[in-house]
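We number each residue from 1, following the sequence as shown.
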Amino acid sequence: DRAQAGEQKEYSGGGYLYSIPYGDTTMWQGFTGGGLNNLGIIKTPRAYVQDNMKVNKHLYLNLGLRYEHPALSAKFFSGDVVKFNVFSPRLGFSYDIKGDAATVIRGSYGIYYNQLLTGTYYYCLPGNDDKYVYTLELPTESFEATAQNIEDRLALVTQPENLANVYSYGTPVPVDPKLKLNGTKVLSMGFSRQLGNNFALEVNYIYKKGMNRYQIKSLAQHTYAPYEWTDPWLGDTITLWQQTDNNSDDQLLFANSTWEKTQHHFIEIILRKNPTNKWAMMLSYVYQNSKSNMPGLGSMDLFGYPDYNVDTDPQYFQNPLQWGRQWMHAHQLKWITTYFGPWGINLSGDFHVMSGQPWAPEISAYNIPAEFRPYRSIGSPSILLEQRGSHGSPLSAIMNLRIGKAFKIRASTLDFQFDIFNALNGKYYYRVITQPWRVYSDGTSAYGQPSSLFSPRNSRINIAWRF
C-alpha cells in the first residue's frame, strides 16, 4: 500500500497537516483546535395508522399516515436546539386486471423523513472549540513523515501570519425557527405479469426527490467579481468569484437550502423463475439516473450534514458544472440462481455486471494559491474543474458461488457451505481519487485511480451444527 500525498498526518500535539504538491512548490495546510465536547439528547415520539382495503376483487388500497415529533436538546443549552412536527402520508394501490393475479398494476407514493441525528447539528451545540486553518507554500522537497518532522512542520505552518480561516465552532450557530426536517419524496409505478406456469415478469419505475436540504449560510451581504482561473494540473479554465467587500461573516444561520436539489430515476425489469424442487432463478436489469448539484458524497445527504457556500458562484446561481450524474451505476445486471441437486447438494451463484460510477475532477478552495483563492470565511467550498459526471470508473463484473450440503445427525443437523467470492477476480471501484494533485509516494499520479477496491478472489468455509 503506497502512502498518498494529501493524506492527513496527525500527531499528539492536537493538530494535523495536509501536503498539496504544485510541481516546484507544495502547499501545506495546518489545522489546530476544533475539539468537540457536546452532548445531544434526542427524543422522538411516533404514531401511525395504516389499513389495507379491498374495494372490489380487482382493486386494493393501502393507506397510511405517520406522525413524528423529534426533538434535540443538549448539555449547556436551555430548551430544544431543534424540534419538528411532521406528518408522512403513504398511499398504495394494486389493480388485478382479470382478478386472477395474472396481470397486476401497482403504484405508491410516500414522504419519508430522515432520522434526527446529533451529528447533523453539532455546529449548533455548545461546548465546541474553534478550529483554525493555516496555509503556507514551500519549495517541494522530500519529507519523511516522522512524528518529530510532522510536529516541526506543523509549528512552522501554524504561525499567525499564515492563518487562512477560522471555523467558529465555539459559538453555536443558531437554527432557523422555520427549519423543516429533511427527507425524500418517493413515487413508484409498475406491473407484474405471469408468463405461463414457470415465469413472471415485473417492470417498475421509481422516482425519488430530496427535500429540505440543510445549509449553514452567512447573513452578511456581499459583492463579488468573476474571474477566470486555470488549474495547474489538468489545464482546465473555470470561472471563480472573488469577494470584493470586507463585510464579516460572523452571523451564521443553520437553515434549509433554497438552491440544492437531488433527484433519482430508476427503471427495474425483473424476470423470475417460479421455484421448483430443482431450480430457482431471478434475472434483473436496473437503469439509474441520479443527478444533483450537491457537493461531496451521498453519505453527506444520508446523514443530513449541512453544506457551506460550496458553489463557485457565491450567489448560488446554478453553476453549469455542478448539475450532473453522481452516486450511481447507470446500468446494473444481476443474475441469481440456485440448483437443488441430488444427495442434498445445493449449488447457488450470483453474477453482477455494473457500469462505472460517474465522477469529475474536484478540488477544495484551499488547493488554490492564496492570490487566486475565492474568499470564504465559512467552510471549505468544493470546486469542480469539469462537468459533474464527465468521467466514469470501469465496468465491473462480479461473480459469487456457493456449494452447500446439510447432514442429518440424529436430531441435529450439520450444515456445510463453501463460498467463493469474486470468482472472476473482477475489479470494482468503491471510490475514485478525484483530486488531480494527488500523487503516490513514488511521484506517480493517483488521479483517477481507485481509493478503495472490491476484495479480490477469496473463499470461505462455513460449518454450523444445529441441535
Side-chain angles (χ1 to χ4, degrees), residues 4-9 16-31 133-138 140 157 162 164-165 167 224 226-243 260 292-300 305 307-314 316 318-327 357-393 429 431-440 443-451:
Q4 299 170 0
E7 181 181 356
Q8 70 178 32
K9 304 174 177 63
Y16 56 93
L17 288 170
Y18 278 97
S19 60
I20 305 167
Y22 287 92
D24 294 335
T25 62
T26 295
M27 178 183 294
W28 290 86
Q29 296 177 8
F31 299 80
V133 183
Y134 303 83
T135 60
L136 176 64
E137 286 190 50
L138 297 172
T140 299
V157 173
N162 300 327
N165 199 358
Y167 293 86
Y224 303 87
Y227 65 97
E228 301 297 304
W229 178 75
T230 301
D231 80 84
W233 308 283
L234 304 178
D236 291 325
T237 300
I238 60 175
T239 300
L240 299 176
W241 295 74
Q242 195 88 36
Q243 183 174 317
E260 291 182 300
S292 175
N293 65 351
M294 295 192 308
L297 303 174
S299 61
M300 296 295 288
Y305 295 146
D307 285 329
Y308 291 104
N309 301 18
V310 292
D311 199 340
T312 57
D313 178 349
Y316 311 130
Q318 182 168 299
N319 181 339
L321 298 181
Q322 285 284 86
W323 178 250
R325 302 176 304 125
Q326 62 176 350
W327 319 326
Q357 293 195 57
W359 59 275
E362 184 178 30
I363 62 173
S364 163
Y366 290 120
N367 300 147
I368 300 176
E371 63 269 26
F372 302 112
R373 188 180 306 150
Y375 178 81
R376 295 287 189 278
S377 64
I378 54 173
S380 176
S382 301
I383 296 176
L384 288 172
L385 300 179
E386 297 176 10
Q387 175 71 47
R388 170 162 280 151
S390 57
H391 298 261
S393 57
Y429 288 32
R431 291 282 182 267
V432 175
I433 299 173
T434 61
Q435 298 85 6
W437 51 265
R438 295 279 288 271
V439 295
Y440 293 115
T444 59
S445 174
Y447 169 66
Q449 299 301 311
S451 59

- Could you tell me which non-hydrogen atom of S451 sits nearest to which non-hydrogen atom of I433, and how far apart they are? CB-CG1, 3.8 Å
- Query: If we only count heavy atoms from C-beta on, is the I363 to W233 side-chain gap below 4.5 Å?
  - Reply: yes
- Determine whether Y447 and R438 make a side-chain contact, defined as any pair of heavy atoms from C-beta on separated by less than 4.5 Å. no
- Query: Heavy atoms, side chains only, cut-off 4.5 Å: are P436 and L234 in contact?
  - Reply: yes
- Query: Is there a side-chain contact between T135 and N162, using heavy atoms and a 4.5 Å cut-off?
  - Reply: no
- Atom pair OH/CD of Y429 and Q357 - distance to nearest 0.5 Å: 12.0 Å
- Hey, are the side chains of T239 and Y227 touching, using non-hydrogen atoms and a 4.5 Å cut-off? no
- Query: To the nearest 0.5 Å, what is the distance between OG1 (T444) and CD (Q449)?
  - Reply: 8.0 Å
- Query: Side-chain contact, heavy-atom cut-off 4.5 Å: P361 with H391?
  - Reply: yes
- Start with the C-alpha gap between W437 and V439, add the side-chain angles, then the distance that decides, and say whether side-chain contact (heavy atoms from CB on, under 4.5 Å) holds. CA-CA 6 Å; W437 51 265; V439 295; over 6 Å; no
- Task: Kindly indicate, with the supporting measurements, whether the criterion side-chain contact (heavy atoms from CB on, under 4.5 Å) is fulfilled by W229 and L385.
- Result: CA-CA 10 Å; W229 178 75; L385 300 179; 4.1 Å; yes
- Compare every heavy atom of S390 with every heavy atom of A360, then report the nearest pair and how far apart it is. CB-OG, 4.0 Å
- side-chain contact (heavy atoms from CB on, under 4.5 Å) with V157: which residues, sequence neighbours excluded? L17, W28, Y134, L136, R153
- Message: To the closest 0.5 Å, what do you measure between CD (E386) and OG1 (T434)?
- Response: 11.5 Å
- Task: For T230, check side-chain hydrogen bond (donor to acceptor under 3.5 Å, both in side chains) against everything at least two apart and list the hits.
- Result: T237
- Query: Can you tell me how far the OG atom of S393 sits from the CZ atom of R431, to the nearest 0.5 Å?
  - Reply: 10.5 Å
- Do we see a donor-acceptor contact under 3.5 Å between the side chains of T26 and T140? yes
